[in-house]
> 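I have a structure here, written as structure tokens, and I will follow up with some questions on it.
Numbering of ligands and ligand atoms starts at 1, following listing order.
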Amino acid sequence: MLDFRNVAIATGVAATLALWSVLPATAQDQITIKFSHVVAPDTPKGKGAERFKELAEKYTDGRVKVEIYPNSQLYKDKEELEALQMGAVQMLAPSLAKFGPLGVPEFELFDLPMLFKDRADLRKITEGDVGQNLMSKLDAKGIKGLAYWDNGFKIMTANSPVVTPDDFLGLKMRIQSSKILEAQFEALGAVPQVMAFSEVYQGLQTGVVDGTENTPSNTYTQRVNEVQKYATVSNHGYIGYAVIVNKAFWEGIPDDVRGELDKAMAEATIYANDIAENENATALQAMRDAGTTQFHDMTEDERAEWFEVLQPVHEKMSNRIGADLIKQTYSALGIE
Ligand code: LMR
């Protein structure tokens, strides 16, 4: 028979432990930051995390220890957000497409197809008012946003050519958990399917999904090119990250130590954002060289054709993101 007294004790212990894990460190205690992420170490995010670890440990003279858990080793996409809120890990850098389940769908702004022309455009948002206002929305969720980290622009892959919008008709396409991405593929006549990043390779290999979109770096490091015969370098959308921490944990760190961590984060951010473009270019070239996938570089005419189909997604999804936010973004980007 279930002993309710023991259950109550066990629950009490668990609650104490959970609280303990987010409580501030006192005196000279060592502070451990568990940084969980879903991509390979050899990616812009993976390398950014390593750089943060190196600098954080150096600037705090070892008072802070950063443990990095890449490749969904600890948690998959959705679970890692829950783990952060519970204090089981302290730092994450989820893709901006994954904040819907946290109750901040406005980050899906970054998923709007064909919104950013290039990285300079992107900076106007991440380094401007729009980006800062978005970050501040996390506070109410017990989370603090520290920085935006780049990955890059996406390519489309499948086992049949994906050159014109018609080519997507009926294809099952893996997406991140973003309603904007869902709408994007619906506009193309495809069947979007949310799938955790760690399951993408197998999903494609076994035919659970037919194709996907991702940055060259993610495509290459997950060996997706080995199970996709065709790719279009379309740069139709963007993947980037918000580096986030458990707010109670972060604010509980002694001020002087947190100051050093802020410095480490600022420098790691510059580094991650500096290498991202090149990491993606190198990955793209490596996949072209590998020869398992036939690459098509989108022409200007094709871009115009995609734009016609995909641009209406902005208006259609304005309720989810907020018409004002879209307007503010257009104005920052100089879009009429
Ligand atoms: C994806 O799920 O495709 C990406 O968000 C993975 C990542 O973190 O870059």
> Would you kindly specify which portion of K98 sits under 4.0 Å from ligand 1, judged on non-hydrogen atoms: side chain, backbone, both or neither?
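The side chain, only.
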> Quick one: look up the protein heavy atom nearest atom 9 (O) of ligand 1 and list residue, atom name and how far away it is.
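The closest heavy atom on the protein side is Y241 OH, 2.5 Å.
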> For atom 5 (O) of ligand 1, grab the closest protein heavy atom and report residue, atom and distance to one decimal in Å.
Q176 OE1, 2.6 Å
> Side chains of Y241 and N151: is there a donor and an acceptor less than 3.5 Å apart?
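A pair is found: one side chain offers a donor N or O, the other an acceptor, under 3.5 Å apart.
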> Can Q285 and D289 be counted as having a side-chain donor-acceptor contact under 3.5 angstrom?
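There is such a pair between these side chains.
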> M195 and side chain to side chain contact (heavy atoms under 4.5 Å, CB included): which partner among I175, D77, V208?
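Testing M195 for a side chain to side chain contact (heavy atoms under 4.5 Å, CB included) against I175, D77, V208 leaves exactly one candidate, V208.
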> Judged by non-hydrogen atoms, does H37 sit under 4.0 Å from ligand 1?
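It does not; every heavy atom stays at 4.0 Å or beyond.
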> Run the numbers for me: atoms of ligand 1, each under 4.0 Å from some heavy atom of V39, listed by number.
6 (C), 7 (C), 8 (O), 9 (O)
> Can you tell which part of N218 has a heavy atom less than 4.0 Å from ligand 1: side chain, backbone, both or neither?
side chain
> Taking everything shown except K124 itself, do over 12 heavy atoms lie less than 6.0 Å from its NZ?
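Yes, enclosed.
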> Check ligand 1 against N214 and write out every atom of the ligand that is under 4.0 Å from a heavy-atom position of the residue.
1 (C), 3 (O)
> For the CD atom on E277, are there more than 12 heavy atoms of other groups (residues, nucleotides or ligands in this structure) within a distance under 6.0 Å?
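Counting neighbours around CD of E277, 12 or fewer heavy atoms of other residues, nucleotides or ligands fall under 6.0 Å, so no.
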> Scan side-chain atoms only and decide if D150 and Y238 contain a donor-acceptor pair under the 3.5 Å cut-off.
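Their side chains do contain a donor-acceptor pair, which is all the 3.5 Å distance test asks for.
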> Atom CG in L181, atom CD in Q184: separation rounded to 0.5 Å?
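Separation between the atoms: 5.5 Å.
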> Using every non-hydrogen atom in the two residues, find where T212 and Q228 come nearest and quote the distance to one decimal.
N-OE1, 3.7 Å
> In ligand 1, which numbered atoms sit nearer than 4.0 Å to a non-hydrogen atom of S95?
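Checking each atom against S95, I get 5 (O).
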> Using a strict cut-off of 4.0 Å, indicate which atoms of ligand 1 neighbour a heavy atom of K45.
7 (C), 8 (O)
> Can you find an N or O of D77 that's nearer than 3.5 Å to an N or O of ligand 1?
no
> Could you check atom 1 (C) of ligand 1 against the protein and tell me its nearest heavy-atom contact, residue, atom and distance included?
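Nearest protein contact, heavy atoms only, for atom 1 (C) of ligand 1 is F197 CD1, 3.3 Å.
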> Of the backbone atoms (N, CA, C, O) and the side-chain heavy atoms from C-beta on, which set of T215 has a member under 4.0 Å from an atom of ligand 1: side chain, backbone, both, or neither?
neither
> Once rounded to the nearest 0.5 Å, what's the spacing between atom NE2 of H314 and atom CD1 of I180?
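Atom-to-atom, H314:NE2 and I180:CD1 are 9.0 Å apart.
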> Would R174 count as a contact of ligand 1 if the rule is a heavy atom under 4.0 Å away?
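Yes, R174 has a heavy atom closer than 4.0 Å to ligand 1.
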